[in-house]
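Beneath this line is the structure, given in structure tokens, with notes to follow.
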Amino acid sequence: MHVLVIGGGGREHAVVAKLAASRHKLRLSCAPGNAGIAQVCPTVPISAGDIPAILDWTTEHGVDFVVVTPEDPLALGLVDRLAERGVPAFGPSAAATRIESSKAFAKEIMRRKGVPTARYGIFTDFPAARDYVMETCGPSGIVVKASGLALGKGALVCDHADEAVRALEELMLEKKFGAAGETVVIEERLAGEEASVFALSDGERFITLPPGQDHKRLLDGDAGPNTGGMGAYCPAPVVDARLMARIEREILAPTLAGLAEVGCPFKGVLYCGLMVCDGDPYVIEFNARFGDPETQAILPLLESDLFDLMYACHAGGVDRVETRWRSGACTCVVLASGGYPGGYEKGKVIMGLNEDFGPDVYVFHAGTRVEEGKVVTAGGRVLGVSAWGADLAESARRAYAAADRINFEGRHLRRDIAWRGLARLEAKR
Ligand code: AMP
Ligand code: GLY
């Protein structure tokens, strides 16, 4: 079976690595991939958003199944176009992807189904949005979000009303994120601990993966600007078995039912970004795809066949696929280019990639490419170094031991990935 994976980040490297271990002996290709993925399977120089080129390549090369992980091709309807050609795929339709690509739509589904989320208002008119900020912004601040896709940068967490009005001006008047900011969601700022819970859904039934936690800020102690994610770990103790059962019952089941009720059953992985406030879960965002870098910490723990799960999301019966998870924990430390998430230089030679890191260490490539036979940096987030350990502390230690053997000019990493989980486990002792 020929399987084409769309995307070229650390998340896709983790997915490709798991699919390569499938008992189905898949023939894999990845578009566009990166230098790490190229060591696992052939890569195709087509960008993830080039729908016509992907469709042509799929037909020309007899692709049997397509795994679509990034949000752009999902929102552009790649899975729908493939279905029209009779090619099955892992990933939701464009209509179901609105749970990510339209925050206004996501809020409407949550409202209809009574799913706990921050209180909010939706606006297309600047003066009305400004009035709402002035009326509702309290001492804890407020959050202004572009409703559409904005490269993960569309959520502006504001301390004061003035800052929120400035954010509204940027989105609605200056159109910083283009059409994505024509509609804005303004919401209550929640205080608590974040967690990421992924559900694999076949449109009717779902299973959940062990909970992860991302570290979005650039610097230790969760300081500095927001990034795509500087590291992650799994399982995140903030979501214990009792809370997971509530998340399934109060959030995932009604949201997936709500999507089916409006005629767009969700098939694929539903990413639920949560804030846990005094033990209660609230939805901060939904995504229609795997998270990055959470996936690099979650998938190494999967013992069963990822392809079986992905295929069942398309064909049905995802809850009947045998799913086993390894005990222990996995931590992923991201190595980023100096300057990221602002401007950074590319083309720095990466040293140490061929070291023997021992068992259960995974060096997932994100922004890398091969230049004159050498692997060089080609993006903001360059690598994600993941390691399994018998417990969270051991996995973090092993991930850092490996990460410290890899270097490139300007390398930046956080030193405290998994700190909230470690603190929580320590407090329990
Ligand atoms: P999003 O793009 O919606 O994931 O938001 C990016 C980040 O902004 C989240 O990971 C949170 O740290 C923060 N955030 C978003 N919404 C809220 C909220 N209602 N309250 C507090 N923080 C939020
Ligand atoms: N880890 C955040 C995201 O994938 O959106």
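Heads up: numbering here begins at 1 and tracks the sequence. Counting convention: from 1, in listed order, for ligands and their atoms alike.
Atom 19 (N) of ligand 1 has its closest protein heavy atom at Glu187 OE2, 2.7 Å. Among all non-hydrogen protein atoms, the one lying nearest atom 11 (C) of ligand 1 is Glu194 OE2, 3.1 Å. The protein atom (non-hydrogen) at minimum distance from atom 15 (C) of ligand 1 is Ile284 CG2, 3.3 Å. Shortest contact from atom 22 (N) of ligand 1 to any protein heavy atom: Met275 CE, 3.8 Å.
Below 30°, between 30° and 60°, or above 60°: for Phe123 and Tyr132 the angle between ring planes is between 30° and 60°, a tilted geometry. Under the 30°/60° scheme for interplanar angles, the aromatic rings of Tyr362 and Phe364 are found to lie parallel.
By the 6.0 Å and 45° rule, Arg98 stacks over the aromatic ring of Phe105.
Where the criterion is an N or O separation shorter than 3.5 Å, residue side chain and backbone included, Leu190 meets it with respect to ligand 1. Here's the thing with Asp292: one of its N/O atoms is less than 3.5 angstrom from an N/O atom of ligand 2. For ligand 1, none of its N or O atoms has an N or O atom of Arg189 under 3.5 Å away. Considering backbone and side-chain atoms together, Asn226 places no N or O closer than 3.5 Å to any N or O of ligand 1.
The part of Val157 lying near ligand 1 is the side chain, judged by heavy-atom distances below 4.0 Å. When non-hydrogen atoms are compared, ligand 1 lies under 4.0 Å from the side chain of Lys145 (C-beta onward) but not from its backbone.
Side-chain atoms of Tyr282 do not come within 3.5 Å of backbone N or O of Cys277 as any donor-acceptor pair. Side-chain N or O atoms of Lys267 include one that pairs as donor or acceptor with a backbone N or O of His314 at under 3.5 Å.
Against a heavy-atom cut-off of under 4.0 Å, Val143 is close to the following atoms of ligand 1: 16 (N), 17 (C), 18 (C), 19 (N), 20 (N). The Arg289 neighbourhood of ligand 2 comprises atoms 3 (C), 4 (O), 5 (O), with distances under 4.0 Å to a heavy atom of that residue. Using a 4.0 Å cut-off to heavy atoms of Gly291, the atoms of ligand 2 that qualify are 4 (O). Taking every heavy atom of Lys216 and a limit of under 4.0 angstrom, the matching atoms of ligand 1 come to 10 (O). Close contacts between ligand 2 and Asp214 involve ligand atoms 1 (N), 2 (C) [criterion: under 4.0 Å to a heavy atom]. The contact set between ligand 2 and Asn287, taken as ligand atoms under 4.0 Å from a residue heavy atom, comprises 5 (O).
Going from atom CD1 of Ile207 over to atom OG1 of Thr323 covers 4.0 Å, rounded to the nearest 0.5 Å.
For Arg414 and Asp222, the salt-bridge test passes: some basic side-chain N is under 4.0 Å from an acidic carboxylate O. A salt bridge is absent between Lys145 and Glu285; no separation between the charged side-chain nitrogens and carboxylate oxygens falls under 4.0 Å.
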Item to check | Residues Asp391, Arg397; criterion salt bridge (charged side-chain N to carboxylate O under 4.0 Å, His left out); working and verdict | outcome: CA-CA 10 Å; Asp391 59 22; Arg397 239 184 348 261; 5.2 Å; no
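Of the N and O atoms on the side chains of Ser386 and Gln296, not one donor lies less than 3.5 Å from an acceptor on the other residue. Side chains of Ser337 and Lys348: no donor on one and acceptor on the other come within 3.5 Å.
Of the options Ala118, Gly229, Ala155, the smallest heavy-atom separation from atom 5 (O) of ligand 1 is shown by Ala155.
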